[in-house]
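Structure first, then comments.
Throughout, protein chains are lettered first and strands after them, A, B, ... in sequence-line order, and every chain is numbered starting at 1. Heavy-atom basis, side chains included; hydrogens, waters and symmetry copies ignored.
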Amino acid sequence: RKEVEQDPGPFNVPEGATVAFNCTYSNSASQSFFWYRQDCRKEPKLLMSVYSSGNEDGRFTAQLNRASQYISLLIRDSKLSDSATYLCVVNNPGGYNKLIFGAGTRLAVHP
Amino acid sequence: NAGVTQTPKFQVLKTGQSMTLQCAQDMNHNSMYWYRQDPGMGLRLIYYSASEGTTDKGEVPNGYNVSRLNKREFSLRLESAAPSQTSVYFCASTLGQGSEQYFGPGTRLTVT
């Protein structure tokens, strides 16, 4: 089983749609969770951290379910500029400052 | 404040050639990392340096060596390049345990 699993997509949605991505992780001892965004041929950039109580940043909402070892990202009112690959990231509790990256979910927003 | 910088941006090598990828950060971060990213795959950790003076192997260290030259700089060396090392290489840094990582713009390496 992969340490961090994501649906690769692609998710093709029209502008204005709401879209949700899910991610599962295997190590129940993980404590830090993030969503990163990666544009084509560019470096990953932090989108948001994920907190136990859930958190929101504008149109983006992240949720964490520790019992099910599941993380989600909800994007409301999708924009063309949201088209990218979204990486689910979890810390490796056994490795100092190490993060484990999912392979990513690709989102394509069309007019 | 440039963040994380990498050189070169692009490189083409012939099999057996050697080269060093350079990485520097100006955020006073303690830990630095080298990853490779291949199409359809997640980022895979090659080597990391938890702090100045220490380096450790990651998931895919074979064929690579690293040097943590000082707190700012962390270089990755390919001693004898192979076609399987064709990839995009990213350097990253982080302040401390549980913190997010910041990435450089990447080096696109092709080995023929």
Problem - Side chain to side chain, B:R108 and A:R41, heavy atoms closer than 4.5 Å - result: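 Side-chain contact under 4.5 Å: yes.
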Against chain B, label [X] side chain, backbone, both or neither, depending on which of its atoms sit under 4.5 Å from a heavy atom there.
X      : value
A:Q6   : neither
A:F33  : neither
A:R106 : neither
A:P44  : both

Exercise for the section: Answer yes or no: are there more than 12 heavy-atom neighbours, outside A:E3 itself, under 6.0 Å from its atom CD? Expected result: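 Count not over threshold, so no.
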Handout entry: Derivation of the side chain to side chain contact (heavy atoms under 4.5 Å, CB included) call for B:F90 and A:Q38
Key = CA-CA 12 Å; B:F90 289 105; A:Q38 186 172 25; 3.8 Å; yes
Practice task
Select, from B:G58, B:G106, B:A92, B:P105, the one with the greatest count of heavy-atom pairs under 4.5 Å involving chain A.
Solution key: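 Highest number of heavy-atom pairs under 4.5 Å: B:P105.
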Is it the backbone or the side chain of [X] that comes under 4.5 Å from a heavy atom of chain A, or both, or neither?
X     : result
B:Q37 : side chain
B:L45 : side chain
B:R44 : neither

[X], [Y]: one ILVMFWY side-chain cluster at the under-4.5 Å cut-off?
X      : Y     : result
A:L64  : A:L46 : no
A:F60  : A:L74 : no
B:L109 : B:F74 : yes
B:M19  : B:L76 : yes
B:L21  : B:Y64 : yes

Rounded distance [0.5 Å steps], [atom1] in [X] versus [atom2] in [Y]:
X     : Y      : atom1 : atom2 : answer
A:K98 : B:T94  : NZ    : OG1   : 14.0 Å
A:Y36 : B:F103 : OH    : CZ    : 5.5 Å
A:N92 : B:E59  : CG    : CD    : 10.0 Å
A:K45 : B:Q101 : NZ    : CD    : 16.0 Å

Exercise for the section: Keeping the roles fixed (side chain from B:Y33, backbone from A:L99), state whether a donor-acceptor pair exists under 3.5 Å. Expected result: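 Answer holds: no.
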